[in-house]
Chemist: 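Please find one structure pasted underneath; my questions will follow.
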Amino acid sequence: MTRYIFITGGVVSSLGKGLGSAALGALLQARGYKVRLCKLDPYLNVDPGTMSPFQHGEVFVTDDGAETDLDLGHYERFTGVPARKNDNITTGQVYTEVLGKERRGDYLGATIQVIPHITNEIKDFILEKEGTADFVLCEIGGTVGDIESLPFLEAIRQFGNEVGHDRALYVHVTLLPYIPAAGELKTKPTQHSVKELMSYGIRPDILLCRADREIHQEERRKIALFCNLAEKNVIPALDVSSIYEVPLSYHAEGLDHQVMECFGIKDIANLDLSIWEKIVRRIKEPESTVKIAVVGKYTNLADSYKSLNEALIHGGVANKVKVKLKFIEGEDFEGGVNLAEHLQGVHGILVPGGFGKRGTEGKIKAVEYARKHNIPYFGICLGMQMAIIEAARNLCGIEDATSSELSDGGTHVIGLMTEWETEEGGKEQRSEDTDLGGTMRLGAYPAKLVEGSRVADIYGSEEISERHRHRYEVNINYREQFEAQGLVFSGLSPDGELPEIVERTDHPWFVGVQFHPELKSKPFDPHPLFVSFIEAALKQSRLV
Ligand code: GLN
């Protein structure tokens, strides 16, 4: 029997509902339960693939090739359960589905309405998870009161009614703002938010109250009284210094225990949370520090590189070091800038994934600096492409080398596959659509690593599977020219057509990957490339 936990948010956005859901998932797993997490996103985009990282943060890619909300990354990092395409749905998808059915005549002439057609579609999305886990945790994006959220709230209300209250639980995350003039945390916004939720017919079972300081008994009592629930179900969710402390903190406040109690399940005593304790200890008590420069494009927003930042932390946890990040805009390296001023004292340079021309010349300079100064270099997706262009221009003598994403002219050492396959012919066209949504190489692809290469050693295997999200590919026809200059193609697609990894043989640590290893890293299972990169940075830190 699957039980359902719905997580809504009130008062303001960015309350950490995703993290809270992920942490609760981990706490249920610690009891031996199988969990599955999913997210309902009320925005109208079909998926976040076309949304700006500035606005929406990172796009998280699943093994089965979906571009999803970054909260799915939190779910996967905390529970280790690989997210799937059907773990995320948006209003755009719901309507696309319903309108498709309407056009096909599936509704037999009925008038199509939000209730029941849209709400049924949402309920089907949730119900599809029945039997796949002991607990399905379902987060509703946005804030209660948003117009777009209404059909979703109505759907989860109906759902709870249909499966029965012993199988559905509602957790509402709210904020208690501190007002300095009054010297206290305010409960009124929470009261209003719960009132709003109740007006849709949903009575929260548990309130998770975010606050930046201790919530006193008095305030908890007040919330319980006004919001019509037991005081023990008003759970303080205080700010913590590391996100990996969230499971421990919420457990200490009794969140998971109350979930068990609300479902009428006898709880176990002495939950073993030692994996989280160990991670938090290592984060809080590092033995040393390494400094990594991330030369990117969306560097003013932590969420744009969410998984990357976390994977670097995981690499630090594995090496017992604190990883300090220095974000640099690629554009800042363009013109007559002295890179040494910015990169002096960094122990590793990383160029992450990205799209479009802006800042790429600066990123290429960063690669050159790392190569010449023997500083560990990690190029991810666009970062690998930058390493290829740098080597082409500065080592292989192809002065006008570029990617067709960046320029129509010049020599395309990187381009759409279709650009260099026309002579032989016979290849499927992979990505020539003009639509921007869903036209990329997306999701998990296998790769074969070259025996004896650095990456084969790092992975401890010659067969890997990693997640991709890109349109352009390195042109395999240049392989010999690059390899003659020490840039070896050490990972290829199984058919040998697509370069997936390049590495330098004459450098302490220089690896470029066409995929996104950061998407699969977990604090308790850090990605080997990040562990190895941070280890190399640590060695570098001992040299300088
Ligand atoms: N813009 C590049 C491409 O589409 C790289 C994409 C990325 O870094 N994710 O191939």
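For ligands, and for the atoms within them, numbers begin at 1 and follow the listed sequence.
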Chemist: Determine whether a donor-acceptor pair (N or O, by modelled atom type, separation under 3.5 Å) exists between the side chain of Arg471 and the backbone of Met440.
Modeler: no
Chemist: Could you go through the ring pair (Phe, Tyr, Trp, His ring centres under 6.0 Å) check for His347 and Phe533 one step at a time?
Modeler: CA-CA 10 Å; His347 309 123; Phe533 175 58; over 10 Å; no
Chemist: I'd like to know if Asp63 pairs up with Arg84 as an ion pair, taking the criterion as any Lys NZ or Arg NE/NH1/NH2 lying under 4.0 Å from an Asp or Glu carboxylate oxygen.
Modeler: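 No, no charged N to carboxylate O under 4.0 Å.
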Chemist: Is there a donor-acceptor contact under 3.5 Å linking the side chains of Glu466 and His527?
Modeler: yes
Chemist: Tell me whether Arg358 is salt-bridged to Glu329, with the criterion being a basic N under 4.0 Å from an acidic carboxylate O.
Modeler: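 Salt bridge: yes.
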Chemist: Please output the residues near ligand 1 using a strict heavy-atom distance under 4.0 Å, listed in chain and residue-number order.
Modeler: Gly353, Gly354, Phe355, Cys381, Leu382, Gln385, Glu405, Arg469, His470, Arg471, Tyr472, His516
Chemist: For His314 and Tyr244, does a side-chain donor sit closer than 3.5 Å to a side-chain acceptor?
Modeler: yes
